[in-house]
**Student:** 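Pasting a structure here, questions to come.
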Amino acid sequence: MAWNDERVELLKKLWSEGLSASQIAGRLGGVTRNAVIGKVHRLGLSGRATTSRMKSHRPRTRTAANARRVQQKTRFAPQGNPALRALYQPEAEPFTPSVEELVIPPKERRTIQTLTECSCRWPIGDPQAADFHFCGKTKVAGLPYCEFHARRAFQPPQPRRREREIQEPRIPALAAQGSEDKESADV
DNA sequence: CCCTGATTCGC
DNA sequence: GCGAATCAGG
């Protein structure tokens, strides 16, 4: 949605009336709170009181508090269970599973009834549906999943582009064999 | 957890 | 110029 004159005027008005950025975004529609704040800054009408010492030079290092928040929001790196933590490889390339790995042949499938001690407990399908089942392959010792699904469960977060660019370049030969790079599909 | 504005920087 | 992601704080 573009910032036409009309919308900008409304933005100025609401901002001067003291509405918060998210409230303004809600009234304008089609924009987020961030968009509103960004626009307010570019229009040069910011200066809404934030604690004065807040705006002085902000360190670029992420603080523990925000790191925790971000981590909550984004992805789960296992923290409690050492066995799971060992499996978590922050440097690993994300991978795209093949169809063969994704589809469990009906004969190998396990239901809650036929699940055994050593069956991989990765759920597949809609639990409400008749064909809901578990992977059923052999578990990795100490984990609830087979090797494939354990890796799947603890795939590292996709690095942000900014960070990615300062990382080592991908080697085509290695990248080709492991992954096609793709968004992580949901099962 | 909810929220606020401020800032950076890939696009 | 735009705005998501992030930061810093209430």
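Predicted model, so just to flag it, every value in this text is computed and none were measured. Each chain gets a letter, A, B and so on, in the order its sequence line appears, and its residues count up from 1. Values below: all heavy atoms of this structure, side chains included; hydrogens, waters and symmetry mates excluded.
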**Student:** Tell me, please, which residues at least two apart from A/N4 pass side-chain contact (heavy atoms from CB on, under 4.5 Å).
**Tutor:** A/E6, A/R7
**Student:** At under 4.0 Å, does any side-chain N or O of A/T32 touch on OP1 or OP2 of C/dG3?
**Tutor:** no
**Student:** Going by number, which of residues 36-45 of chain A have a non-hydrogen atom under 4.0 Å from DNA chain B?
**Tutor:** A/I37, A/H41
**Student:** Measure CG/A/L11 against P/C/dG3 and give the value in whole Å, please.
**Tutor:** 11 Å
**Student:** Provide, to the nearest angstrom, the distance between the CG atom belonging to A/N34 and the C1' atom belonging to B/dG10.
**Tutor:** 15 Å
**Student:** Return the set of residues passing side-chain contact (heavy atoms from CB on, under 4.5 Å) with A/T116 (not counting sequence neighbours), or none when no residue passes.
**Tutor:** A/R110, A/C118, A/S119
**Student:** Taking only residues two or more places apart in sequence, or in another chain, which ones meet A/T111 in a side-chain contact (heavy atoms from CB on, under 4.5 Å)?
**Tutor:** A/Q113, A/T114
**Student:** For B/dT4, does either OP1 or OP2 sit under 4.0 Å from a side-chain N or O belonging to A/S22?
**Tutor:** yes
**Student:** Over 60° means perpendicular and under 30° means parallel, so classify the ring planes of A/H149 and A/W122, tilted if in between.
**Tutor:** parallel
**Student:** Looking at residues at least two apart in the chain, or sitting in another chain, which of them share a side-chain hydrogen bond (donor to acceptor under 3.5 Å, both in side chains) with A/K12?
**Tutor:** none
**Student:** Do any pairs count as a side-chain hydrogen bond (donor to acceptor under 3.5 Å, both in side chains) and have a residue in residues 30-40 of chain A, sequence neighbours left out, and if so which ones?
**Tutor:** none
**Student:** Roughly how many Å is it from CZ in A/R33 to P in C/dC2, rounded to a whole number?
**Tutor:** 18 Å
**Student:** Has A/W15 got a side-chain N or O lying under 4.0 Å from the OP1 or OP2 atom of B/dG5?
**Tutor:** no
